[in-house]
Each structure stands twice: as structure tokens, then as C-alpha cells.
Participant: 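Let me begin by handing over the structure; questions about it come next.
Atoms considered below: every heavy atom in the structure, side chains included; atoms not considered: hydrogens, waters and symmetry mates.
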Amino acid sequence: MSKKAVVLISMLCAGAALIAPTFAKDRPDDPRIGEKVDRICFASGINGFQTPKGFDDAVILTKGVRDKYLVELSGAGFGSLRFAQSVAIASRPADGCVSRGDKLIFSDSAFGFDRDNRINQNSYLITAIYEWNEDAAKQDESKDDAESED
């Protein structure tokens, strides 16, 4: 390999590191982020999802009624997550669980996925999964308010 190619590749890698997304591990003071988990096991499918404020590269997946998980994603076009209406697991694992390395597909259609027309669909690789507690932010705020009154 020529020196020019090595320099070019090095510059591209350094540039990619500068624009790398901020993941949950880089947000240790966010009280909503819980323990890191290996997998999420769904009975029949994902019950719901939302894009959390402050995270451009993640979604919150709902399992059952209350269990929520922050799922960090890797891929191109994170801006499309804001418009996503439905989510599916790219290939259903045998054990019904998703883990790091599995893919999620998002569509801007609320009526499901058209396997023949993938224009409005984006897939992303799962890079990490954390427990998510939306109420922890509210509890943390009320605790801070109580301490400031003392």
C-alpha cells in the first residue's frame, strides 16, 4: 500500500472519530440510564418505541407494559428515526431475543413493512442495550429541589 493511501485512510479514521455519536456510556450523569443488559426477550414482538430527547442515535424499545430499554444504534441517516412509525426485528432470532449485533428496521409507514419496497425503510445495528427509567429524571429533579430548600 502506498504512503498516500495510508495517510488518506488515517485521516478518514481520525475524521470519523471526531464525528462519532455520543453513546449512553458517555452520559454517566443521566439518571434515566440504568444497567447495561445483554438482551431483550420479546414474547411476540416489540410493543412500542420512541426516540428519546438528547439521543440522536438511539431508541427506547418497550417490552410488555412497563419494561423500557435504551437501545443504541449504528448506521447511516439517524435523522430518519424522528419520522419512523414502525419498527421490526430484521431477522427473528430463534430464542425471541435481540442483542448487540442484531438489526432493527424502521419504516415511516404506520402500516407495516413492504418487503418489495424498501425506499422508506432504514436498518440499524444494535450496539448496546440499557435499562431505561423515564421517571428517574423526575425523581432526580425533586431530590435536587428538596436539597436546595435545605
Participant: Y124 vs L104, test: side-chain contact (heavy atoms from CB on, under 4.5 Å). Steps then yes/no.
Facilitator: CA-CA 5 Å; Y124 301 98; L104 297 177; 5.5 Å; no
Participant: Check each of D56, D57, L81 against T51 using the side chain to side chain contact (heavy atoms under 4.5 Å, CB included) test, and report the only one that passes.
Facilitator: L81
Participant: Examine distances only and state if a side-chain atom of T127 and a backbone atom of E72 form a donor-acceptor pair shorter than 3.5 Å.
Facilitator: yes
Participant: Run through I60, L73, L70 and flag the one making a side chain to side chain contact (heavy atoms under 4.5 Å, CB included) with F55.
Facilitator: L70
Participant: Identify the heavy atoms of A58 and P52 that sit nearest to each other, and give their distance.
Facilitator: O-CD, 3.5 Å
Participant: State the CG-CD1 distance between L61 and I40, to the nearest 0.5 angstrom.
Facilitator: 5.0 Å
Participant: Rounded to the nearest 0.5 Å, what separation is found between the CG atom of N133 and the CZ atom of R32?
Facilitator: 10.0 Å
Participant: Answer yes or no: is there a side-chain heavy-atom contact under 4.5 Å between W132 and I33?
Facilitator: yes
Participant: Name all residues meeting the ring-ring contact (aromatic ring centres under 6.0 Å, His included) criterion together with Y69; count only those two or more places apart in sequence or in a different chain, and write none if there are none.
Facilitator: none
Participant: Determine whether I46 and V98 make a side-chain contact, defined as any pair of heavy atoms from C-beta on separated by less than 4.5 Å.
Facilitator: no
Participant: Below 4.5 Å, heavy atoms only, C-beta onward: do L125 and K103 meet side chain to side chain?
Facilitator: yes
Participant: Counting distance only, does the side-chain N/O of N122 pair as donor-acceptor with the main-chain N or O of F106 below 3.5 Å?
Facilitator: no
Participant: Looking at NZ of K68 and CG of D135, how far apart are the two atoms once the value is rounded to the nearest 0.5 Å?
Facilitator: 8.5 Å
Participant: If you compare all heavy atoms of I129 against all heavy atoms of R39, which two are closest, and at what distance to 0.1 Å?
Facilitator: CD1-CA, 4.2 Å
Participant: What's the shortest heavy-atom distance between N47 and G64, and which atoms?
Facilitator: OD1-N, 2.9 Å
Participant: What is the minimum heavy-atom distance between A136 and P31, and which atoms define it?
Facilitator: CB-O, 3.2 Å
